[in-house]
K.L.:
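This is the structure I have questions about; it appears just below.
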2 protein chains.
Amino acid sequence: MNLTAEAPVTAAEKTFFDLRQDIVEGVIVAGSKLSEAELSTKYEVSRAVVREAISRLETCHLVERKANVGARVVDLTPEGLIELYQVRESLEGMAARLAATNMSEPEIEELNQLLATHFKTVQSGETYYQEAGDVDFHYRIILGSKNNHLISILYDGIYHLIRMYRVQLGMAGPRVTTAFDEHKNIVKAISDRDPELAEMLMRRHIQYTKNNLQSKLES
Amino acid sequence: MNLTAEAPVTAAEKTFFDLRQDIVEGVIVAGSKLSEAELSTKYEVSRAVVREAISRLETCHLVERKANVGARVVDLTPEGLIELYQVRESLEGMAARLAATNMSEPEIEELNQLLATHFKTVQSGETYYQEAGDVDFHYRIILGSKNNHLISILYDGIYHLIRMYRVQLGMAGPRVTTAFDEHKNIVKAISDRDPELAEMLMRRHIQYTKNNLQSKLES
DNA sequence: TAGGTCTATATTGTCGACAATCTGGCCGAT
DNA sequence: ATCGGCCAGATTGTCGACAATATAGACCTA
């Protein structure tokens with residue numbers, strides 16, 4: 001997710017990005033312990049920057065920390081997934097509602113163009129869509145809400161966890177095209193400046209996504 | 001807000017609590033810069049623990065940090081208040097809805113008892129209610145949602161900001177008794193296991209609170 | 001005088017060492 | 001044999017010093 005396109009300016013930030021990626025992609029196994037000394041040698045930085053990186057991971061809810069004990073990567077449970085998606089549904093539903101009011105016409109135009117690009121990608125059968133494409137779509141709508149708190153909670157707070165579930169459960173399959181249609185309808189509602197419909201469609205879209213993930217988690 | 005009743009186990013945690021309180025209560029002025037060296041001498045700890053404390057304050061959205069520049073206390077703007085309460089309305093509305101389903105009968109009973117206690121406090125005319133009492137009320141409902149992500153976002157994330165607005169704008173006045181009635185109706189909806197009504201009443205309650213705060217901010 | 005560069009200073013970022021605390025295993029008592 | 005306390009090792013928390021970066025002001029130039 002280099003959508004924010006922010007280059008790490010400090011060593012702690014770079015270590016944070018590296019660690020986050022390794023956790024999201026499962027290189028560091030869910031539930032495993034994060035030893036400061038170990039990571040310090042692995043990423044070739046001092047323990048202080050590892051501590052700072054871990055501290056930021058805690059903000060993303062990717063790790064949990066106990067005083068004088070240490071940090072562990074969160075483990076993925078069905079209950080956690082349900083809780084996460086309850087919150088996501090509410091927040092992104094609000095984002096879609098606000099976006100229908102607050103997005104500028106040029107931004108909406110860009111959103112439509114993004115959709116057109118995705119359409120070609122889907123037709124060509126690439127799996128790329130579900131990962132970066134989907135994230136990009138949701139990202140723009142969240143930004144379109146123009147609510148900085150909302151943006152922060154979603155992107156600094158829970159989005160990496162959502163990615164973690166998706167990546168580790170392996171996203172692909174028949175939902176790709178139907179998800180695209182759902183995206184299309186959401187964009188149409190936003191283009192029509194219909195906040196209530198935009199929220200409802202977004203909430204359903206996320207519910208479908210949750211159900212899809214749940215079925216994979218239970219299998 | 002010692003509802004969580006968690007004693008600081010480490011120096012960084014204690015410094016975090018102290019700093020947070022000073023910021024929320026306005027002892028440290030909104031918008032002011034947080035100098036690590038200065039705070040280090042003031043709280044009599046090393047710069048490392050000050051840095052950790054500031055890092056945690058960033059998670060609460062109480063301070064903003066820029067690399068190689070430093071941290072500043074957030075400043076309170078009308079726009080920020082609106083954004084904050086949009087998010088709060090959505091999240092606490094969800095909390096009330098979930099609480100109506102997930103709270104146990106004993107927990108609901110305790111909630112009713114809390115309300116009875118508040119009634120006496122309101123009658124006696126103490127201002128205590130609006131601060132700790134109100135926070136306690138909302139806290140229990142949030143916990144009653146049984147959704148750990150939601151609980152974390154609200155309590156580790158935005159509740160201290162809400163307190164900051166309330167404390168610094170000076171809460172008291174004629175809304176005390178009407179707010180109590182709103183609380184009473186919310187508890188009734190939860191007792192009746194009526195999720196939709198509970199959510200609607202909570203959302204309205206928070207809207208009223210926002211309007212009340214806004215009028216103070218504009219004056 | 002306006003604009004830009006350069007330097008001095010202050011502040012933040014990073015490091016390695018030491019202190020405090022937890023964990024797991026050993027030993028003894030009942 | 002089981003339970004509890006206790007010791008050793010390892011891990012996290014804290015500290016002060018050093019390095020890297022930004023900021024403000026002086027100085028120079030056009």
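Values below: all heavy atoms of this structure, side chains included; hydrogens, waters and symmetry mates excluded. Just so it is clear, the model here is predicted, and its values are computed rather than measured.
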K.L.:
Rounded to the Å, how far apart are A:Lys66 NZ and C:dC22 P?
P.N.:
11 Å
K.L.:
Run the salt bridge (charged side-chain N to carboxylate O under 4.0 Å, His left out) check on B:Arg20 and B:Glu13 step by step: do they pass?
P.N.:
CA-CA 10 Å; B:Arg20 188 178 65 186; B:Glu13 208 167 357; over 6 Å; no
K.L.:
What's the CZ-P distance between A:Phe16 and C:dG13, to the nearest Å?
P.N.:
15 Å
K.L.:
Is it true that, when you exclude A:Lys14 itself, more than 12 heavy atoms of the residues, nucleotides or ligands shown sit nearer than 6.0 Å to its NZ?
P.N.:
no
K.L.:
Using 0.5 Å steps for rounding, measure from the CG atom of B:Asp18 to the CG atom of B:Leu39.
P.N.:
11.0 Å
K.L.:
Looking at B:Glu89 and B:Arg203, does any basic side-chain N land under 4.0 Å from a carboxylate oxygen?
P.N.:
yes
K.L.:
Check the distance between C:dT12's C1' and B:Arg72's CZ and give it to me in whole angstrom.
P.N.:
14 Å
K.L.:
Quick check on D:dG13: is either OP1 or OP2 less than 4.0 Å from any side-chain nitrogen or oxygen of B:Lys14?
P.N.:
no
K.L.:
Are a donor atom and an acceptor atom from the side chains of A:His183 and A:Asp134 found within less than 3.5 Å of each other?
P.N.:
yes
K.L.:
To the nearest Å, how far apart are B:Glu13 CD and D:dT14 P?
P.N.:
9 Å
K.L.:
Do A:Tyr139 and A:Tyr159 have ring centres separated by under 6.0 Å?
P.N.:
no
K.L.:
Where along residues 45-58 of chain B does a heavy atom come under 4.0 Å from DNA chain C, residue by residue in number order?
P.N.:
B:Arg47, B:Arg51
K.L.:
Could you tell me how far apart B:Leu34 (CG) and C:dT11 (P) are, to the nearest whole angstrom?
P.N.:
13 Å
K.L.:
On DNA chain D, compare the nucleotides closest to A:Val9 and A:Asn68; which residue's is nearer the 5' end?
P.N.:
A:Asn68
K.L.:
Could you give the CD-to-P distance, from A:Glu36 to C:dT14, as a whole number of Å?
P.N.:
15 Å
K.L.:
Heavy atoms from C-beta onward define the side chain here; which of C:dT23, D:dT21, D:dG13 lies closest to that of B:Thr10?
P.N.:
D:dG13
